[in-house]
Amino acid sequence: MKKIKYYILGLLLILPINVSALSVIPTITCNDRNLKAGEQTVCQFKVNVSDGKIAGISAKYSFDSTYANVSITPSGSWQGNADGGQIDYYDFQDFTGSVPIANITYKANNQINSNVESTLNINIIEVGDDLGVAHKLNTLTSVKFTLTPASSAVVTTTTSSAITTSGVSTTTTNKTTTKKITTAKKTTKKGSKTTTSSPITTTTSSATTTTSLATTSGVSTTTKKTTTTLQSEHGSSKRNVKQIIIVTISSVFLILLITGAGLTIYKEITLRNKNK
């Protein structure tokens, strides 16, 4: 009986016993969590170790590959692999306190057409302490990213609703009114010049366009455009009359001038004859 007790005591002394509860708290910090399509940021995966030391760590990571890609590299002197959603690192020295584990590059995919949120998760499942004892854990940490299209950091969704109405009618009316104003014919004889005034025709043209829209509120729009045009059958008549009048006046003035000069000469000749 005593031999059995000594044997059990010997086994307890040989096997490592975890007296204190090892605490490992993970964190992820990123330079930027708002990314446009095609942009990337770098995050750091750390653990805070208390009540012991660690020399190895195993964790699982996950993310939505529809929106992003992730690459992981070990920090410091850690060695091992990080791919396929699994991280397995080890080191030949022991760590406690704040321990950097890995650097994570998170890159948004180019095919992002609307605002989305994507999450990166890391769950520590096991750590090895400085005595070689494995500690099973289930400690999760995560970080959320807001991903937007490359064209704009803010996406505005606009919904347009169109109302189609029937009964749209357009009426166009063209109306032309011609007024003929005839002045009395005047004939003036001055010397050998004859002046005749010609009748003038005035034409008024108006165009009216009416557009009615049978909308839900019964709005009707009417546009009226009137154009008045004056046309002369003999466009140059007035100018010709003026020119004839000017020529006639000039001719009369010239005749009077010549007549006056002739009378003056006649008077002088008459006086000279009398004096002789």
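- Using a 30° and 60° split on the angle between ring planes, Tyr61 and Phe63 fall in the parallel class, below 30°.
- To the nearest 0.5 angstrom, Glu39 atom CD is 10.5 Å from Asn110 atom CG.
- Note that the SG atom of Cys30 and the CG atom of Leu120 stand 7.0 Å from one another [nearest 0.5 Å].
- Asp88 and Ser58 are linked by a side-chain donor-acceptor pair at a separation below 3.5 angstrom, with hydrogens and angles left out of the test.
- Checked options Val247, Ile249, Thr248; the residue passing with Ser251 is Val247 (criterion: side-chain contact (heavy atoms from CB on, under 4.5 Å)).
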Starting from the C-alpha separation in whole Å, work towards a yes-or-no answer on side-chain contact (heavy atoms from CB on, under 4.5 Å) for Asn109 and Asn69. CA-CA 7 Å; Asn109 291 338; Asn69 290 310; 3.2 Å; yes

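- With contacts defined as side-chain heavy-atom distances shorter than 4.5 Å, the pair Val127/Leu22 qualifies.
- Panel note: side chain Thr41, backbone Asp32; a donor-acceptor pair is recorded below 3.5 Å.
- The two residues Ile72 and Ala102 make their nearest non-hydrogen contact at CG2-CB, 3.6 Å.
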Starting from the C-alpha separation in whole Å, work towards a yes-or-no answer on side-chain contact (heavy atoms from CB on, under 4.5 Å) for Val47 and Ile54. CA-CA 10 Å; Val47 293; Ile54 63 170; 4.1 Å; yes

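- Rounded to the nearest 0.5 Å, atoms CD1 (Ile265) and OG1 (Thr270) are 11.5 Å apart.
- Within the model, atoms CD of Gln40 and OG1 of Thr105 stand 6.0 Å from one another, a figure rounded to the nearest 0.5 Å.
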Please walk me through it: do Val143 and Thr119 pass side-chain contact (heavy atoms from CB on, under 4.5 Å)? CA-CA 6 Å; Val143 60; Thr119 304; over 6 Å; no

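- Residues passing the side-chain hydrogen bond (donor to acceptor under 3.5 Å, both in side chains) test with Lys60 are Gln86, sequence neighbours excluded.
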Return all side-chain donor-acceptor pairs below 3.5 angstrom for residues 93-101, not counting sequence neighbours, or 'none' if the list is empty.
from, atom 1, to, atom 2, distance (Å)
Gln93, NE2, Ser77, OG, 3.1
Thr96, OG1, Val49, O, 3.3
Thr96, OG1, Gly52, O, 2.9

Would Ile122 and Ile104 count as a side-chain contact (heavy atoms from CB on, under 4.5 Å) here? Give the steps. CA-CA 11 Å; Ile122 298 180; Ile104 304 170; 3.6 Å; yes

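- From Cys43, atom SG reaches atom CG of Asn103 across 9.5 Å, with rounding to the nearest 0.5 Å.
- Minimum heavy-atom separation, Phe45 to Pro26: CE1-CB, 3.7 Å.
- For residues 62-125, no pair satisfies disulfide bond (SG atoms under 2.5 Å apart), with sequence neighbours left out.
- Checked against ring-ring contact (aromatic ring centres under 6.0 Å, His included), Tyr106 has the following partners two or more places apart in sequence or in another chain: Phe145.
- Of the options Asp51, Ile124, Asp129, Thr139, a side-chain contact (heavy atoms from CB on, under 4.5 Å) to Val24 is made by Ile124 and by none of the others.
- Considering only heavy atoms from C-beta on, Tyr89 stays 4.5 Å or farther from Gln79 through its side chain.
- Screening residues 135-147 for salt bridge (charged side-chain N to carboxylate O under 4.0 Å, His left out) gives Glu126-Lys136 as the qualifying pairs, with residues at least two apart or on separate chains.
- By the ring-ring contact (aromatic ring centres under 6.0 Å, His included) test, Tyr67 is found to be paired with no residue, residues two or more places apart in sequence or in another chain being considered.
- Rounding to the nearest 0.5 angstrom, the gap separating the CG atom in Asn115 from the CG atom in Leu147 is 9.0 Å.
- Distance alone, capped at 3.5 Å, places no donor-acceptor pair between the Asn48 side chain and the Ile25 backbone.
- When all heavy atoms are compared, the tightest approach of Ser114 to Pro149 is N-CG, 3.6 Å.
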